Amino acid sequence: MPKAAYHLTHPERRTTSVVFASPHSGRDYSWSFLRRTRLNEHSVRSSEDAYVDQLFDSAPRVGAPLLRAGAPRAYVDLNRSPDELDPALIEGVSRQGHNPRIASGLGVIPRVVANGRAIYSGKITLAEARHRIDDFWRPYHEALQGQLDQAHLMFGQAILIDCHSMPHEAMDTVASRGLRRPEVVLGDRFGAAADGEIVDRIEAAFTRAGLMVTRNTPFAGAYITQAYGRPSRGRHAVQIEIDRALYMNERLIRPNGNFEAFRRLMCGVIQEITEIGRAQAMPLAAE
């Protein structure tokens with residue numbers, strides 16, 4: 001098993017209602033899991049948001065908590081509902097309607113990694129699936145809910161920044177139309193998950209950093225954005241997808257020569273985003 005469900009880094013002093021979280025950057029591939037997969041150690045990492053947690057690791061220094069997954073996405077997907085169980089992978093699960101994520105092998109316990117490559121040779125038991133959900137999925141989401149509740153208590157609102165990365169090829173369709181390739185995609189479920197002014201300011205922070213930003217296409221936000229975004233209640237959730245080619249060699253799954261420069265650029269973006277949580281919310285309580 002992976003050693004920890006999550007890693008939570010607190011700021012020395014919490015000064016913003018913003019919470020940063022990285023659900024797909026977990027990279028604790030246990031020996032027992034690697035022994036069961038039909039993929040090699042490199043291939044099984046292909047759906048991981050590699051190094052995204054490092055891109056956002058300056059958040060605690062500017063007053064915001066950072067929550068990071070411990071378990072890798074190939075083991076359990078924290079950005080899926082715990083009910084999204086795949087009957088093609090898990091014994092004893094019956095098919096209930098059509099769910100495109102499950103059909104493509106990307107349920108809460110993934111059947112495939114990037115490019116549809118199968119993780120296992122056969123099925124896993126329902127007991128194993130439930131174990132992963134109970135021991136890794138639920139603790140992560142309890143920690144996330146706790147941080148958002150604390151932000152709401154202290155500042156009267158909570159802003160979740162759900163941090164992800166996307167393959168460079170995800171924007172090939174846009175580039176093929178002669179348009180500038182987007183480097184960042186913000187997902188707010190077309191306005192349902194966050195107040196428009198907050199999303200405007202997040203977009204402005206990336207734009208001022210020289211990055212090309214689009215919204216909701218092709219990534220509008222998945223389970224986390226949908227579950228935690230309640231703008232009418234002062235709870236906002238925005239998914240951020242960053243082009244992996246900006247900071248890593250996708251084929252080798254290693255930081256590229258631009259990694260440190262891009263990480264420094266992200267420090268400025270993160271600073272601006274945390275300001276949103278200071279400017280729009282008056283503290284209600286001391287930590």
Side-chain angles (χ1 to χ4, degrees), residues 5-6 8 10-11 14-24 49 52 56 59 63-69 76-84 99-101 107-108 133 136-164 184-206 213-241 269-270 272-285 287:
Y6 64 85
L8 178 58
H10 295 279
R14 193 162 183 171
T15 60
T16 176
S17 62
V18 177
V19 175
F20 293 87
S22 176
H24 285 164
D49 284 346
V52 164
F56 286 88
L66 173 63
L67 178 66
R68 300 172 290 126
V76 58
D77 193 334
L78 304 174
N79 200 20
R80 295 289 181 265
S81 165
D83 299 325
E84 291 185 280
N99 180 311
R101 292 180 294 275
V108 64
I133 292 167
F136 296 92
W137 191 98
R138 296 194 192 283
Y140 179 90
H141 282 274
E142 287 168 3
L144 179 57
Q145 186 68 65
Q147 290 304 305
L148 295 173
D149 288 347
Q150 185 177 10
H152 198 272
L153 178 65
M154 292 179 66
F155 300 99
Q157 71 170 6
I159 302 172
L160 169 61
I161 305 300
D162 195 42
C163 309
H164 296 263
V184 176
V185 178
L186 304 181
D188 64 356
R189 300 192 66 82
F190 299 93
D195 181 85
E197 183 179 350
I198 289 174
V199 186
D200 287 346
R201 294 188 63 183
I202 294 171
E203 179 174 351
F206 281 103
V213 184
T214 60
R215 297 192 193 183
N216 293 309
T217 302
F219 307 108
Y223 171 79
I224 288 174
T225 316
Q226 182 177 18
Y228 294 97
R230 297 289 185 272
S232 63
R233 303 178 190 174
R235 294 175 181 266
H236 311 272
V238 180
Q239 178 178 283
I240 294 177
E241 297 274 1
V269 173
I270 290 163
E272 287 198 46
I273 292 174
T274 58
E275 289 296 332
I276 301 170
R278 283 188 272 269
Q280 293 200 3
M282 295 298 292
L284 300 181
E287 189 168 19

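Just so you know, these numbers come straight off a predicted model, no measurement behind them.
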Determine, step by step, whether Gln157 and Asp195 satisfy the side chain to side chain contact (heavy atoms under 4.5 Å, CB included) criterion, reporting the C-alpha distance in whole Å, the side-chain angles of both residues, the deciding distance to 0.1 Å, and the verdict. CA-CA 11 Å; Gln157 71 170 6; Asp195 181 85; over 6 Å; no

Do Val108 and Val76 touch side chain to side chain, with heavy atoms closer than 4.5 Å? yes

Are Asp77 and Glu84 side-chain neighbours, meaning at least one heavy-atom pair lies under 4.5 Å? no

Between Ile240 and Ile161, is there a side-chain heavy-atom distance shorter than 4.5 Å? yes

Once rounded to the nearest 0.5 Å, what's the spacing between atom CG of Leu186 and atom OG1 of Thr214? 7.5 Å

Heavy-atom closest contact (Arg80 atom, Ala222 atom, distance): NH1-CB, 3.8 Å

Can you name the nearest heavy-atom pair linking Ala192 to Pro231, along with the distance? O-CD, 3.3 Å

Correct closest heavy-atom pair for Ile270 and Phe56 would be CD1-CA, 3.6 Å

Sort and list the pairs that fulfil salt bridge (Lys or Arg N to Asp or Glu O under 4.0 Å) and have at least one residue in residues 15-24, not counting sequence neighbours. none

Hey, are the side chains of Val19 and Arg14 touching, using non-hydrogen atoms and a 4.5 Å cut-off? yes

Do Thr274 and Phe20 come close enough that some side-chain heavy atom pair is under 4.5 Å? yes

Roughly how far, to the nearest 0.5 Å, is the CZ atom of Arg278 from the CD atom of Glu275? 4.0 Å

Euclidean distance, Ile202 CD1 relative to Ile273 CD1, rounded to 0.5 Å: 5.5 Å

Between Ala69 and Leu78 the two heavy atoms that sit nearest each other are CB-CD1, 3.5 Å

Any salt bridge (Lys or Arg N to Asp or Glu O under 4.0 Å) pairs touching residues 139-163, not counting sequence neighbours? Asp149-Arg235

How long is the gap from CG on Leu67 to CD on Gln145, to the nearest 0.5 Å? 12.0 Å

Can a donor-acceptor pair be found, under 3.5 Å and without considering hydrogens, that links the side chain of Asn216 to the backbone of Asp188? yes

Shortest non-hydrogen contact between Phe190 and Ala220, atoms and distance: CE1-CB, 3.6 Å

Could Asp200 and Arg215 be called an ion pair, given the rule that one side-chain N must be under 4.0 Å from one carboxylate O? yes

Rounded to the nearest 0.5 Å, what's the gap from OG on Ser17 to CG on Leu148? Could you check? 10.0 Å

Residues Ala64 and Thr16: closest non-hydrogen pair is CB-CG2, 3.7 Å

Side-chain heavy-atom pair Val52, His24 within 4.5 angstrom cut-off: no

Summary of side chain to side chain donor-acceptor pair (under 3.5 Å) pairs that have at least one residue in residues 219-234, sequence neighbours excluded: His141-Tyr228

Return the CD1 to CD1 distance between Ile276 and Ile159, rounded to the nearest 0.5 Å. 6.0 Å

